[in-house]
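Computation of the quantities below employed the complete heavy-atom set of this structure, encompassing side-chain atoms and omitting hydrogens, waters and symmetry-equivalent molecules.
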Amino acid sequence: MQLRNLAIGYGHPLCSPVKALLEAGDFVCLVGRNGSGKSTLLRTLAGLIAPLGGEVIVGDKTIGEMSPREISRTLAIVLTRLPELRHTTARQIAASGRLPYTGLVGHLRAADYGAADQALSDIGILHLRDRLFHTLSDGEKQKTMLARALAQGTEYLLLDEPSAFLDWPSRRELFSLLRSLAHTRRKAVLLSTHDLELAVASADSLWVLRDGKFSVEDPNTFDLTGF
């Protein structure tokens, strides 16, 4: 995924043009203060918001040239806001990540539920698969949505504050899991976070939004002072 002079925002750019490359095997953390444009950047990369300028190129197409089905088979995005769902189990939600691969009737096969179970297991919540979503804690709901994205089987995972509802041990475990998924399964993982210490300790690189400017920085030399 190439970001070429990408301008993000609503009406006017939120930061300087974004120039970056996201490749298979990358674990990248997007950091910045509230209102700096982290969520807007992720939504733009996912094709949910049109860029104000520049391009998001995936393979040989821009994101705007891709159909919704093509996008959903290429990238998965998990937003901070949790859906309000009732009468739906965690397993059913995870399995819904397989819908881009079904026919017009959207019929899920045994293999799709198998992929959902594997994703729930990878996230560490297989024991919750038969629980109704609305009965789960916020942290468990967030993990269920992560399992859905993992079951989607895409090359790119875009995650907006995935650790927002988790306690410290769970946040640390999540970062370790996502880093492992990137490196061992050759997925490109980009997540926004306020956990600066975890980001610096875990990420291969940092995408930084600060004072209206975008930059790509090395975690080993990143200065946390005053951030």
Any donor-acceptor pair under 3.5 Å linking the side chain of Thr88 with the backbone of Arg86?
yes
For Thr80, check side-chain hydrogen bond (donor to acceptor under 3.5 Å, both in side chains) against everything at least two apart and list the hits.
none
Which heavy atom in Val78 sits nearest to a heavy atom in Ala149, and how many Å separate them?
CG2-CB, 3.6 Å
Ignoring hydrogens and geometry, is there a side-chain-to-backbone donor-acceptor pair from Ser215 to Glu217 under 3.5 Å?
no
Taking atom CG of Leu159 and atom OG of Ser192, what is their separation to the nearest 0.5 Å?
8.0 Å
Can you check whether Ser176's main-chain N or O pairs, donor with acceptor, with Ser180's side chain at less than 3.5 Å?
no
Could you tell me which residues satisfy side-chain hydrogen bond (donor to acceptor under 3.5 Å, both in side chains) with Asp138, sequence neighbours excluded, listed by chain and number?
none
Give me the atom names and distance for the closest heavy-atom approach of Leu21 to Trp207.
O-CZ2, 3.9 Å
Check side-chain hydrogen bond (donor to acceptor under 3.5 Å, both in side chains) between Ser137 and all other residues, then give those that pass, not counting sequence neighbours.
Glu140
Which atom pairs, donor and acceptor, lie under 3.5 Å between side-chain atoms of residues 120-127 and protein residues at least two apart or in another chain?
| residue | atom | partner | partner atom | Å |
| --- | --- | --- | --- | --- |
| Asp122 | OD1 | Gln118 | NE2 | 2.9 |
| Asp122 | OD2 | Arg185 | NH1 | 3.2 |
| Asp122 | OD2 | Arg185 | NH2 | 2.9 |

Main-chain N/O of Leu181 paired with Lys187 side-chain donor or acceptor, under 3.5 Å:
no
Under 3.5 Å, sequence neighbours excluded: what are the donor-acceptor pairs made by side chains of residues 51-63?
| residue | atom | partner | partner atom | Å |
| --- | --- | --- | --- | --- |
| Lys61 | NZ | Glu70 | OE1 | 3.4 |
| Lys61 | NZ | Glu70 | OE2 | 2.7 |
| Thr62 | OG1 | Glu65 | N | 3.3 |

Taking all heavy atoms of Ile49 and all of Gly9, pick out the closest pair and write down the distance.
CG2-O, 4.5 Å
Check step by step if side-chain contact (heavy atoms from CB on, under 4.5 Å) holds for Thr144 and Leu128.
CA-CA 9 Å; Thr144 300; Leu128 299 176; 5.6 Å; no
Could you measure the distance from the CD1 atom of Ile77 to the CG atom of Leu75? Nearest 0.5 Å is fine.
7.5 Å
CG-CG distance between Leu82 and Leu79, expressed to the nearest 0.5 angstrom
10.0 Å
For residues Phe214 and Ser16, report the shortest heavy-atom separation together with the two atoms involved.
N-OG, 2.9 Å
Do Leu136 and Arg131 come within less than 4.5 Å of each other through their side chains, counting heavy atoms only?
yes
I'd like to check Ser36 versus Leu14 (side-chain heavy atoms, cut-off strictly below 4.5 Å). Are they in contact?
no
Separation of Cys15 SG from Ile8 CD1 (nearest 0.5 Å)
4.0 Å
Residues at least two apart in sequence or cross-chain that pass salt bridge (Lys or Arg N to Asp or Glu O under 4.0 Å) with Arg172, listed by chain then number, are none
Just by distance, do the side chain of Asp211 and the backbone of Lys213 share a donor-acceptor pair under 3.5 Å?
no
Side chains of Gln152 and Thr154 only: does a donor on one sit below 3.5 Å from an acceptor on the other?
no
Quick one: which residue pairs count as a salt bridge (charged side-chain N to carboxylate O under 4.0 Å, His left out) with a foot in residues 150-161, not counting sequence neighbours?
none
Excluding sequence neighbours, so at least two apart, what forms ring pair (Phe, Tyr, Trp, His ring centres under 6.0 Å) with Phe27?
none
What closest approach, in Å, do Lys38 and His194 show between heavy atoms, and which atom pair accounts for it?
NZ-CE1, 3.6 Å
Answer yes or no: is there a donor N or O on one side and an acceptor on the other, between the side chain of Arg171 and the main chain of Leu166, under 3.5 Å?
yes
Drop me the distance from Asp195's CG to Ser163's OG, to the nearest 0.5 angstrom.
4.0 Å
Heavy-atom donor-acceptor pair, Ser202 side chain to Ala199 backbone, under 3.5 Å:
no
Any non-hydrogen side-chain atom of Leu30 less than 4.5 Å from a side-chain atom of Leu191?
no
Mind checking the OG-CG spacing from Ser39 to Leu158? Nearest 0.5 Å is all I need.
11.5 Å
Tell me the closest heavy-atom pair linking Cys29 and Ala203, and the distance in Å.
SG-CB, 3.8 Å
Which residue pairs pass the ring pair (Phe, Tyr, Trp, His ring centres under 6.0 Å) test with at least one member in residues 139-185, sequence neighbours excluded?
none
Considering only distance and modelled atom types, tabulate donor-acceptor pairs under 3.5 Å from the side chains of residues 91-98, sequence neighbours left out.
| residue | atom | partner | partner atom | Å |
| --- | --- | --- | --- | --- |
| Arg91 | NE | Asp117 | OD1 | 2.9 |
| Arg91 | NE | Asp117 | OD2 | 3.4 |
| Arg91 | NH2 | Asp117 | OD2 | 3.0 |
| Gln92 | OE1 | Thr89 | N | 2.9 |
| Gln92 | OE1 | Thr89 | OG1 | 3.4 |
| Ser96 | OG | Ile93 | O | 2.5 |
| Ser96 | OG | Arg148 | NE | 2.8 |
| Arg98 | NE | Asp112 | OD1 | 3.3 |
| Arg98 | NH1 | Ala151 | O | 2.9 |

Enclosure of Asp167 CG (heavy-atom neighbours >12, cutoff 6.0 Å)
yes
Check whether any side-chain heavy atom of Leu174 sits under 4.5 Å from a side-chain heavy atom of Leu146, and report yes or no.
yes
Residues forming a side-chain hydrogen bond (donor to acceptor under 3.5 Å, both in side chains) with Glu23, sequence neighbours excluded:
none
Partner set under salt bridge (Lys or Arg N to Asp or Glu O under 4.0 Å) for Arg43, not counting sequence neighbours
none
Considering only heavy atoms from C-beta outward, does the side chain of Leu22 approach that of Val28 to under 4.5 Å?
yes
